[in-house]
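Inspection log for the structure reproduced underneath, given as structure tokens.
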Amino acid sequence: MSTKDQFFSHIEKGYTTKGDFITVGAAMLDGEAVTNAHVKIPLKTLNRHGLIAGATGTGKTKTLQVLAENLSEKGIPVLLMDLKGDLSGIAQASPGHPKIDERHAKIGLPFEAKGFPVEILSLSEQDGVKLRATVSEFGPTLLSRILDLSETQEGIVAVVFKYCDDNKLPLLDLKDFKKVLQYATGSGKAEFTKEYGRISTSSTGTILRKIIELEQQGADLFFGEKSFEVDDLTRIDTNGKGYINIIRLTDIQDRPKLFSTFMLSLLAEIYSTFPEQGDSDRPELILFIDEAHLIFKEASKALLDQIESIVKLIRSKGIGLYFVTQNPTDVPNEVLSQLGLKVQHALRAFTARDRKAIKLTAENYPESEFYNTKEVLTSLGIGEALVSALDEKGRPTPLAATLLRAPMSRMDVLTDNELESVIKSSKLVKKYGEIIDRESAYEILNEKIEKAEKAAEVEKAKPKARRTSTRKSTRQNPVIKVLTSATFIRGVLGVLKKVLR
């Protein structure tokens with residue numbers, strides 16, 4: 001048997017599945033695709049998370065697009081983070097190209113151009129479905145970790161939430177939370193001290209400064225109502241395709257705090273809301289987190305612990321997380337070790353640091369008798385990648401340098417008119433378009449403070465009025481003046497002395 005035949009048999013055996021799957025391309029040997037040596041990812045293991053990595057310009061975004069399309073085709077909804085603004089074209093079919101036909105002939109797959117159901121979401125003032133959450137929904141622990149608070153400060157946040165629960169004060173947006181903090185060390189200090197103990201002014205000052213820092217990154221647009229319901233991410237269209245939900249993040253690339261705040265709150269909400277799936281045959285939802293280093297770069301130790309915990313637990317809810325970044329070293333080892341599917345595009349060795357990163361990356365992949373992994377990592381072309389997945393029994397599949405299939409949808413952005421059409425036809429835009437600012441902690445406490453101040457003024461005015469009234473009546477009554485004069489009293493005392501003698 002020739003080496004090529006041995007390789008074909010090796011790939012075919014390693015990627016055979018009993019259940020449903022998606023095909024990402026064909027395995028390559030000596031730099032050439034082996035037709036029909038298909039690299040398949042079982043749907044059953046897609047909730048085991050994954051990584052798409054590689055240098056700029058090697059095709060990571062197109063790989064993300066391919067996976068999202070094929071998941072949608074199987075009726076699995078997807079959530080994409082679009083930081084570069086080049087994913088909206090998924091809504092339109094590819095115009096096709098002779099090079100695409102040539103690529104698919106090598107892979108052994110027919111090419112069919114298709115558009116997919118798309119929902120455009122927004123964290124900022126850009127058009128789309130508005131993503132919001134209330135401060136109460138975050139809870140004291142998550143909010144404290146996002147703000148990177150000390151243990152003492154975290155305790156104060158917990159007290160604030162308890163006070164609001166006890167007094168039925170809704171914490172909807174950041175101005176609510178700031179108002180309660182100010183009240184706790186201001187006009188409500190006595191009330192707080194009596195019920196919950198003394199609260200340090202310096203600690204509340206630090207918390208306030210960190211909230212203002214978050215506000216400056218645009219978080220005031222995110223916190224509030226109407227809260228986004230995560231079930232709306234799992235919609236299927238009338239043709240049985242899963243919706244591809246695209247969050248436009250092009251205008252918040254320089255605000256990683258807001259990005260990581262949103263991501264962590266979303267994951268926490270999904271985890272608390274979705275039912276346990278157990279070992280199901282297909283995922284409920286797949287999330288692709290592009291430019292993943294933005295989450296980890298700004299994350300505190302507490303925040304990293306929270307992310308690691310969610311990554312470990314959320315797969316039981318049928319949720320798959322896929323991190324997209326330039327280098328696997330951008331993702332902490334604790335998270336990297338939880339990832340089942342790895343799609344590694346080319347890495348470039350320009351410096352000693354790059355060579356070290358390539359060596360570390362190569363060690364993350366299974367050994368192969370057909371590849372020198374370190375050499376392959378630097379020789380892959382655009383649209384080619386090393387793939388390692390999990391089979392249906394959870395075992396690593398054979399390492400495959402893969403010629404990846406082309407996206408079925410447009411590899412470019414929508415025009416302004418096309419984007420407007422998608423947004424106008426959205427049911428969710430109408431559902432979440434209205435900003436609600438109902439009475440909450442801010443308004444209730446302002447009213448309470450105002451009433452207290454008026455009551456204090458009235459009380460202060462009462463004794464002053466009585467004293468003034470007494471003095472006025474004394475001046476106006478001459479009889480009282482005579483009776484209380486010293487001369488009159490001395491005269492009365494003289495008369496009494498004479499009588500007693």
Side-chain angles (χ1 to χ4, degrees), residues 132-227 257-258 260-262 264-265 268-269 272 298-303 305-306 435-460:
R132 298 188 190 90
T134 66
V135 173
S136 290
E137 287 167 338
F138 264 63
T141 302
L142 187 56
L143 187 64
S144 297
R145 290 186 177 181
I146 285 163
L147 295 173
D148 193 18
L149 302 180
S150 68
E151 191 175 334
T152 300
Q153 292 158 359
E154 190 172 341
I156 290 173
V157 172
V159 166
V160 167
F161 272 77
K162 180 70 168 64
Y163 173 78
C164 291
D165 285 343
D166 292 347
N167 292 275
K168 295 182 172 54
L169 297 176
L171 281 175
L172 304 181
D173 50 29
L174 290 177
K175 76 174 189 294
D176 288 330
F177 190 69
K178 288 193 297 182
K179 189 67 185 179
V180 182
L181 276 175
Q182 291 161 348
Y183 180 75
T185 53
S187 55
K189 185 176 180 179
E191 181 185 352
F192 264 81
T193 303
K194 181 182 177 182
E195 295 293 329
Y196 309 100
R198 184 177 172 275
I199 289 178
S200 164
T201 306
S202 61
S203 292
T204 57
T206 302
I207 299 169
L208 282 168
R209 285 193 294 274
K210 293 196 174 187
I211 292 171
I212 290 167
E213 179 191 340
L214 198 60
E215 281 181 319
Q216 288 173 339
Q217 293 209 11
D220 53 330
L221 291 170
F222 171 61
F223 284 99
E225 292 185 306
K226 184 177 184 179
S227 296
K257 195 82 172 178
L258 176 59
S260 57
T261 297
F262 161 71
L264 197 56
S265 70
E269 182 70 13
S272 64
E298 296 292 320
S300 64
K301 178 65 169 65
L303 197 55
D305 290 344
Q306 186 82 7
I435 298 175
I436 302 170
D437 190 15
R438 62 186 171 96
E439 187 179 63
S440 54
Y442 180 83
E443 290 80 14
I444 294 169
L445 284 179
N446 271 340
E447 187 179 344
K448 184 175 181 178
I449 291 166
E450 192 177 332
K451 285 181 179 177
E453 287 174 349
K454 284 182 178 177
E457 286 176 10
V458 170
E459 191 63 30
K460 189 178 178 182

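Worth knowing before you read on, the calculation uses all heavy atoms, side chains too, and leaves out hydrogens, waters and symmetry mates.
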Residues L142 and S265: closest non-hydrogen pair is CD2-CA, 4.0 Å
Apply the test side chain to side chain contact (heavy atoms under 4.5 Å, CB included) to residues T185 and F192: give CA-CA distance (whole Å), side-chain angles for both, the deciding distance (0.1 Å), then the verdict. CA-CA 8 Å; T185 53; F192 264 81; over 6 Å; no
Closest heavy-atom pair, P170 versus I444, reported as atoms and distance to 0.1 Å, is CD-CD1, 4.0 Å
Smallest heavy-atom separation, K226 atom then R132 atom, equals O-CB, 3.7 Å
Close side-chain approach of Q182 to T204, heavy-atom, < 4.5 Å
no
Check whether S136 reaches the backbone of L171 with its side chain - one donor and one acceptor, N or O, closer than 3.5 Å.
yes
Taken to the nearest 0.5 Å, the spacing of D220 CG from L214 CG works out to 9.0 Å
Are any side-chain N or O atoms of K210 and backbone N or O atoms of D148, one a donor and one an acceptor, separated by less than 3.5 Å?
-> yes
Residues at least two apart in sequence or cross-chain that pass salt bridge (charged side-chain N to carboxylate O under 4.0 Å, His left out) with E191, listed by chain then number, are K448
Rounded to the nearest 0.5 angstrom, the CG-CD distance for L172 and E137 is 9.0 Å
*Quick one: do I211 and L181 satisfy side chain to side chain contact (heavy atoms under 4.5 Å, CB included)? Show the steps, please.*
CA-CA 11 Å; I211 292 171; L181 276 175; 4.0 Å; yes
*asked:* With side chain to side chain donor-acceptor pair (under 3.5 Å) as the criterion, how do S200 and S202 come out once you've worked through the C-alpha distance, each side chain's angles and the decisive distance to 0.1 Å?
replied: CA-CA 5 Å; S200 164; S202 61; 2.8 Å; yes
key: Worked check of side chain to side chain contact (heavy atoms under 4.5 Å, CB included) between I156 and I207   = CA-CA 9 Å; I156 290 173; I207 299 169; 4.0 Å; yes
For V180 and C164 the tightest heavy-atom approach is CG2-SG, 3.8 Å
If we only count heavy atoms from C-beta on, is the S203 to L149 side-chain gap below 4.5 Å? no
Between F138 and F223, how do the two ring planes meet: parallel, tilted or perpendicular, split at 30° and 60°? tilted
Q) Do side-chain atoms of D166 reach the backbone of Y163 as a donor and acceptor pair under 3.5 angstrom? A) no
Correct closest heavy-atom pair for S227 and T134 would be OG-CG2, 3.4 Å
d(L174 CG, L208 CG) to nearest 0.5 Å is 10.5 Å
When rounded to the nearest 0.5 Å, the distance separating CZ of R145 from CD of E154 is 6.5 Å
